[in-house]
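Take a look at the structure below.
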Amino acid sequence: MFRGEKINITENRAVLHVALRAPQGASILVDGKNVVPQVHAVLGKMADFSSRVRQGAWKGHTGKSIRNVVNIGIGGSDLGPVMAYEALKHYSDRRMTFRFVSNIDGTDFTEAVQDINPEETLFIISSKTFTTLETMTNAHTARAWLLKGLGGDEKSVAKHFVAVSTNETEVTKFGIDTVNMFGFWDWVGGRYSMDSAIGLSTMLAIGSDNFGAMLDGFHQMDEHFRITPFERNLPVLMALLTIWYTGFFDAHTIAVLPYEQYLRRFPAYLQQLTMESNGKYITLNGMKVDYQTSPVYWGEPGTNGQHSFYQLIHQGTRLIPCDFIAFDRSLNPPGRHHDILMANVFAQAEALAFGKTAEQVRAEGTPAGLCRIGFLRAIVLQILSWQTGSPLKYWENSLPSMSIVSSPRVLSGRLIRSISGVSNWARCWPSVLSPNLRANRSLSLPMTVRQIV
Ligand SMILES: O=P(O)(O)OC[C@H]1O[C@](O)(CO)[C@@H](O)[C@@H]1O
């Protein structure tokens, strides 16, 4: 990949998104030509445009500055930009509003523009091909909405529409001046394109310096992937764990569980990245596989998921490897929110890794007061479980999970055999398993959990 070889054999193309974040001065060749200077030329054009818009120098048709940016795109031309905007919102210019329209359902567009003024609105039409049905339909609707709002003057389009695409011909046909087109290349796959010009909305939101810092982070991980021996190579280890659980333990899905509100759209972004990439049943040699390929990726931010589906992860009948993601510092630290959030993520990992035996449950006495289910109901269930020996509340250990805290560290587990459960104990486990974590999250972590912190 890093050598620019045409490893996309179906389209005979290089797969070079790593060049999008290569530093100035690097050399990555495609067909004998160094593509890094082109990448930085586009980044420079994006930076110039972004600063003019952000500083109010770019005026709309009626002379007003731009306050609203609407990205129209779908798949890789939407999911990456939405995820990045949400993830980096803390660094965004709060005087501006950002919206993302992708669905062919007219409600998506209508709701996105219902409270914004066309005079102050910029549309970014993001489409690698500039032919995708959903995007072009929404783009034409946006054009009609703008013209209606600005008295029908066709000249207004140039001030309120820019394009991100590889298809200059179609961009021109649509009526966007190619001066306002930001290009990329056929060696950037749609689902890998968020750090190309497809990230223009991100740069408009956070500024070119922050965008550059993001690219630098991506580049550091590219380098880690390129040069680190396999036994310490994080992407390789993550891939092997996935193959291990899906191929050898019949796990069908992987839960992605960010304990970080800013990453709430990360599971949706990963869904396209992983499943569009690896949802294949034919090998590079054209043979039908006789093994599992991509699992289903899904997830929700913690702790919302705990009050929804964690019950099944802990005590259901299916093996679901979990990727926990958390940050040891919060960008929004009011009160004790972050300590409680961290207590939850550590406790969930602890529960999956170590479980809890019936003996432990008995020895602990009544945990009901620490749970948020009704006290009496918990006592009744507890007594029932003691009397009947029914394993209402204990759960087996070694459920596979991986915790990434600040920087990626890996904790792998082993296979489980599930037991029956009748209640949703999962949401209570942070307090049941690790009461000390609520007071001091460095206390009482079992060694294996502490190692990943
Ligand atoms: O950017 P385009 O050309 O509009 O395509 C949108 C998306 O459609 C796909 O080709 C698949 O549906 C994605 O890979 C791509 O991100």
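Only a predicted model underlies this, so the values are computations on that prediction, with no experimental measurement involved. When a ligand or atom number is given, it counts from 1 through the structure's own listing order. FYI, side chains are in, hydrogens and waters are out, and symmetry mates aren't considered; it's all heavy atoms of this structure.
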- With a 4.0 Å cut-off, strictly under, does atom 10 (O) of ligand 1 pick up any protein heavy atom? no

**Message:** Counting the benzene-type ring for Trp, do F327 and Y262 have ring centres under 6.0 Å apart?
**Reply:** no

of all protein heavy atoms, closest to atom 15 (C) of ligand 1 is G76 N, 3.8 Å

- Decide, yes or no, whether a salt bridge links D78 with R265 under the criterion of side-chain N to carboxylate O below 4.0 Å. no

the protein heavy atom lying closest to atom 8 (O) of ligand 1 turns out to be I74 O, 4.8 Å

Nearest non-hydrogen protein atom to atom 12 (O) of ligand 1, with distance, is E276 OE2, 3.7 Å

When distances are taken from atom 3 (O) of ligand 1, the protein heavy atom at minimum range is T129 OG1, 2.7 Å

Worksheet item: Side-chain donor-acceptor pair under 3.5 Å between T132 and T129, yes or no?
Response: yes

| query | E134 near ligand 1, heavy-atom distance under 4.0 Å? | reply | no

Ligand 1 to G190, heavy atom cutoff 4.0 Å, flagged ligand atoms 16 (O)

task: Using only heavy-atom distances, determine whether the side chains of S277 and Y192 contain a donor-acceptor pair under 3.5 Å.
output: yes

Handout entry: Presence of salt bridge, E154 and R143, under 4.0 angstrom
Key = yes

| request: For the residue pair N138 and E134, confirm or rule out a side-chain donor-acceptor distance under 3.5 Å. | output: no

Heteroatom distance test (S127, ligand 1): nitrogen or oxygen, under 3.5 angstrom
yes

Q: Look at the rings of F123 and F109 and say which category their plane angle falls in: under 30° parallel, 30 to 60° tilted, over 60° perpendicular.
A: parallel

Quick note on ligand 1: atoms under 4.0 Å from a heavy atom of Q272 include exactly 13 (C), 14 (O), 16 (O)

Ranked by distance from atom 2 (P) of ligand 1, the top protein heavy atom is T132 OG1, 3.3 Å

